[in-house]
There are 2 protein chains.
Amino acid sequence: MRAALIQAAEGMIADRGLAGLKTRDLAREIGCANGAVYNLVADVDELILRVGSRTLRRLDEALTLATSSGEPSPRESLVRIALAYCDFAAENLQLWRALFEHRVQVDKPLPDWSVHDQMQLFRHIYQPLAALLPGRSPEELGITARSLFSAVHGMVALGLEQKLVAVPLPALRNQIAGLVRAMIDGLVARDVKGAAAAD
Amino acid sequence: MRAALIQAAEGMIADRGLAGLKTRDLAREIGCANGAVYNLVADVDELILRVGSRTLRRLDEALTLATSSGEPSPRESLVRIALAYCDFAAENLQLWRALFEHRVQVDKPLPDWSVHDQMQLFRHIYQPLAALLPGRSPEELGITARSLFSAVHGMVALGLEQKLVAVPLPALRNQIAGLVRAMIDGLVARDVKGAAAAD
DNA sequence: AATTTTTATTGAACGATGTTCATGTTTCCT
DNA sequence: AGGAAACATGAACATCGTTCAATAAAAATT
């Protein structure tokens, strides 16, 4: 029953956006009173987090799939991951947006099951990055992986925004691939040359 | 009078966030009935856009200031701009967030005065980038400038999110500076080597 | 100065929406 | 069957943005 609720919420976010998620519509869709929603879930925040968890899992699968065919070099693996992220965001635009639009209250922190999902994404980036930057410590690699992810996320986020100019998706993909390669090349070059000493 | 409204809205967003902007509180703060707000402004969307316009102008000033002292190389200019963007976002967190959180209705497009502001930001990036990548056309440079901005924006956005792990600001600044230098170095290297032929 | 016309202000009211709760209803164990 | 626990109901509450008829103020006209 709760599964039906979450699925209905997922569908509603998918085609009406996070702001289009209404408890009364949900109740009608799964066939119950609006008050009954709160027996299945504490509040809409939890509902959104549960949908987000599903989205993150699908995203994880998409990223896994991206590097599973052929024997891509670490460099090309990272490009593939970035493009897969872009494609996933484009194909699941509203659900993907909901992951970042939703902000929880400051006093009520995220439940554990929600936090754990998010860490997993960097895992995809970490391995190829470790192969490319053998001189870095695990901590440094984790931070760099996060930065790389964030940079690609920014390109996808603003690229799909279409607030001002509509960027066609193929052009966005080219930009992402180009800048990811540039970032990697730059990181590797700085790594062999001796990091901070170069500035 | 309208200026007082916008200023009150700015203050309210600044310390309570975009979601904390309430018309009744605004009316009380500027001393009028809640209905009177709609004589000064069409709706809250316009109000948010007007506040956003002010924020963008201040951001523009901050970025201008970043490259105005000394004679920084194009490469270091870009690093300075990125760090200035990060600092501005950190110091004006809620107002900066409001720029991106707020999504307008699909059928009611942005007014002209709001669209024009946003383009100006890329101008800061364009000039140093043109010096570093002389082989590129103005259109290509514009797109690359946008991508660079987006990448930095992503790092700042996720870095200041603190959704999972709180990244200390100095660490974030280091990451940004490092990755911007890497991106630039990578872009320049790819540029001299002959762009697409390298893949 | 008086009267009319235009403009601005008010605060009650409307419609949504998330959430709660007293009241039924079902389920399930003994 | 009977009682207890869980669940479902939909009306009610609080809080929003927004509207609007009524009213006051101001401006314009005679």
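Just so it is clear, the model here is predicted, and its values are computed rather than measured. Basis for what follows: all heavy atoms, side chains included, without hydrogens, waters or symmetry-related copies.
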K.L.:
To the nearest Å, give me how far apart CE (B/Met1) and C1' (C/dT10) are.
P.N.:
13 Å

K.L.:
How many Å lie between CG on B/Asp45 and C1' on D/dT18, as a whole number?
P.N.:
12 Å

K.L.:
What's the CZ-C1' distance between A/Arg28 and C/dA16, to the nearest Å?
P.N.:
13 Å

K.L.:
B/Leu18 CG to D/dC16 C1': how many Å, rounded?
P.N.:
14 Å

K.L.:
Is it the case that the side chains of A/Arg146 and A/Ser150 hold a donor-acceptor pair, with the cut-off being a distance below 3.5 Å and no angle test?
P.N.:
no

K.L.:
Regarding B/Glu10 and B/Arg50, does a basic nitrogen lie under 4.0 Å from an acidic carboxylate oxygen?
P.N.:
no

K.L.:
Strictly below 4.0 Å, N to O, side chains only: are B/Arg28 and B/Asp25 in salt-bridge contact?
P.N.:
yes

K.L.:
Could you say whether A/Lys22 or A/Ala42 is positioned toward the 5' end of DNA chain C, judged by the nucleotide with the nearest heavy atom to each?
P.N.:
A/Lys22

K.L.:
From OH of A/Tyr38 over to P of C/dA22, roughly how many Å is that when rounded to an integer?
P.N.:
17 Å

K.L.:
How close or far is atom P of C/dC14 from atom CG of B/Asn34, stated in whole angstroms?
P.N.:
15 Å

K.L.:
With respect to the phosphate group of C/dT17, does any side-chain polar atom (N or O) of A/Thr23 fall under 4.0 Å of OP1 or OP2?
P.N.:
no

K.L.:
Using the side-chain heavy atoms of A/Arg24, tell me which of these nucleotides is nearest: D/dT9, D/dT18, C/dT17.
P.N.:
C/dT17

K.L.:
Please give, in whole Å, the distance from D/dT18 C1' to B/Leu47 CG?
P.N.:
14 Å

K.L.:
Of A/Gly35 and B/Leu21, whose closest DNA chain D nucleotide lies nearer the 5' terminus?
P.N.:
A/Gly35

K.L.:
Return the value, rounded to whole Å, for the distance between atom CG of A/Asp43 and atom P of C/dT17.
P.N.:
18 Å

K.L.:
A/Val156, A/Leu56: one ILVMFWY side-chain cluster at the under-4.5 Å cut-off?
P.N.:
yes

K.L.:
Does D/dC7 have OP1 or OP2 sitting under 4.0 Å from an N or O in the side chain of A/Asn39?
P.N.:
no

